[in-house]
Amino acid sequence: MKHNAAMMGQFLTSRRRQLERAHLGLPQIAGRTTRGLRREEVAYLAGVSVTWYTWLEQGRDVTPSRQVVDSLARTLRLSHAEHVYLSALAGHSAPQPAEDPSPGTVPAHMQRLLDALADYPALVIAPDWAILAWNAVYEALYPNVATVAAADRNFLWLLFTDPYLRILMPDWELTGVYNVASFRAEAGTRLGEPPFADLVNRLLQTSEAFRAAWESYDIEPLPSRERLFRHPEVGDLHLEQHTLVSSDHPHLRLVTFIPIPSTDTARRLRRLHDPRALRLAGA
């Protein structure tokens, strides 16, 4: 703990000295630059005692509570990454990232990444598993994603309500149970918040399979795993599913499927998203 306390003290001192006084509504101090706050000013703004805050900057072996860490992060205008770093030094789990200021959309650079993965089905999902974006080959694999109503374009909702997915996924029952457990694990304490609660309530009223899986209270992570899709036009697609987190938008998940090398899935995918090849194969 002493090593972390020393690093915490150095970090807090550096952030305090870099703050612009005017941004916090504080007057300039005669003979000093416009940057930097006094320790007592940080302590007052954060709602902690001057002595306690001084001990933190001195690297003493004291442990601030999560509430104190969060208050210091707000006072020192820390970014989310800096807030995560300070929380880790204090022995706390990472704080929740700030909500996306434009829900329902993805950054342009993430859409370009999806499009660059031209040979691999890929999509972007929100924390509540709403499908926000996808590329052309994913739409070729699952055409309904482009035609379903926006309010229903949620991966968990479609998994339990779209009959086409039961055809596309030979292991639909196992996949359903697995995904419910993963959704519960990812949502965590946010399950009581909308839109999480709204989605769960809709599914409980609509799908008996979801209700059975939900009431089992299974919790599983979402690791990379092998998947089988049985497409009605190109046949079996053996893929690896990978879930990636964007460093600058940690609330978004990019899910992509890559062919398993020992299979002919890569060739089948090319036929799937190349209309000419598909027509020739049919002929």
Side-chain angles (χ1 to χ4, degrees), residues 104-106 110-183 186 195 199 202-203 206-207 209-210 213 222-246 252-260 263-279 281-282:
T105 63
V106 298
M110 187 167 285
Q111 182 64 60
R112 288 194 293 271
L113 175 59
L114 283 175
D115 295 337
L117 297 171
D119 294 331
Y120 310 127
L123 66 157
V124 173
I125 60 174
D128 66 337
W129 288 23
I131 301 174
L132 303 181
W134 58 91
N135 61 8
V137 66
Y138 183 80
E139 184 175 337
L141 175 66
Y142 177 44
N144 295 357
V145 71
T147 59
V148 69
D152 294 335
R153 193 176 287 126
N154 178 286
F155 183 80
L156 201 62
W157 172 261
L158 293 171
L159 180 62
F160 284 94
T161 61
D162 187 350
Y164 178 78
L165 287 178
R166 300 195 182 205
I167 300 172
L168 188 64
M169 302 177 182
D171 60 347
W172 178 86
E173 292 185 1
L174 179 62
T175 296
V177 171
Y178 180 87
N179 278 275
V180 169
S182 298
F183 177 80
E186 283 201 354
L199 172 65
R202 287 179 68 201
L203 282 166
T206 304
S207 171
F210 175 83
L222 195 63
S224 301
R225 66 189 185 107
E226 293 188 3
R227 301 292 308 278
L228 170 62
F229 295 100
R230 185 153 291 156
H231 194 273
E233 294 176 320
V234 298
D236 287 358
L237 300 169
H238 298 268
L239 300 159
E240 286 181 351
Q241 176 180 328
H242 299 280
T243 304
L244 310 175
V245 179
S246 171
L252 299 179
R253 300 286 187 274
L254 189 151
V255 183
T256 186
F257 303 86
I258 64 173
I260 295 177
T263 70
D264 64 347
T265 296
R267 178 180 61 82
R268 292 173 184 262
L269 278 178
R270 286 193 295 271
R271 285 176 51 202
L272 180 62
H273 68 88
D274 184 347
R276 292 178 306 168
L278 200 55
R279 285 196 300 268

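Side chains are part of it too, since the values below use all heavy atoms of this structure and drop only hydrogens, waters and symmetry mates.
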Specify the closest pair of heavy atoms between [X] and [Y], including all atoms of both residues, with the distance to one decimal.
X    : Y    : result
V137 : L272 : O-CD2, 4.4 Å
V234 : H231 : N-ND1, 3.6 Å
R271 : E233 : NH2-O, 3.8 Å
P232 : Y164 : CD-OH, 3.7 Å
P259 : A266 : CB-N, 3.8 Å
V145 : W134 : O-CH2, 3.7 Å

With rounding to the nearest 0.5 angstrom, report the [atom1] to [atom2] distance, [X] to [Y].
X    : Y    : atom1 : atom2 : result
T161 : F210 : OG1   : CZ    : 11.5 Å
E139 : N144 : CD    : CG    : 10.0 Å
L222 : T243 : CG    : OG1   : 4.0 Å
N154 : I131 : CG    : CD1   : 7.0 Å
L123 : L117 : CG    : CG    : 11.0 Å
L269 : L239 : CG    : CG    : 5.5 Å

Any donor-acceptor N/O pair, N135 side chain to L114 backbone, under 3.5 Å: yes

T256 side-chain N/O to P121 backbone N/O, donor-acceptor pair under 3.5 Å: yes

Set of side-chain hydrogen bond (donor to acceptor under 3.5 Å, both in side chains) partners for E173, sequence neighbours left out: none

Contacts of R268 that satisfy side-chain hydrogen bond (donor to acceptor under 3.5 Å, both in side chains) - sequence neighbours left out: D264

Sub-4.5 Å side-chain heavy-atom contact between [X] and [Y]:
X    : Y    : answer
H273 : D119 : yes
Y142 : L158 : yes
Y178 : D171 : no
F155 : N179 : yes
T265 : I260 : no
W157 : T206 : yes
R253 : V245 : yes

Residue pair V180, L159: steps toward the side-chain contact (heavy atoms from CB on, under 4.5 Å) verdict: CA-CA 10 Å; V180 169; L159 180 62; over 6 Å; no

Mutual orientation of the aromatic rings belonging to F257 and F229 [parallel < 30°, tilted 30-60°, perpendicular > 60°]: perpendicular

Whether W129 and F183 hold their rings parallel, tilted or perpendicular, with breakpoints at 30° and 60°: perpendicular

Between H242 and S224: side-chain donor-acceptor atoms closer than 3.5 Å: yes

All pairs passing salt bridge (Lys or Arg N to Asp or Glu O under 4.0 Å) where residues 148-170 contributes a residue, at least two apart: D152-R202

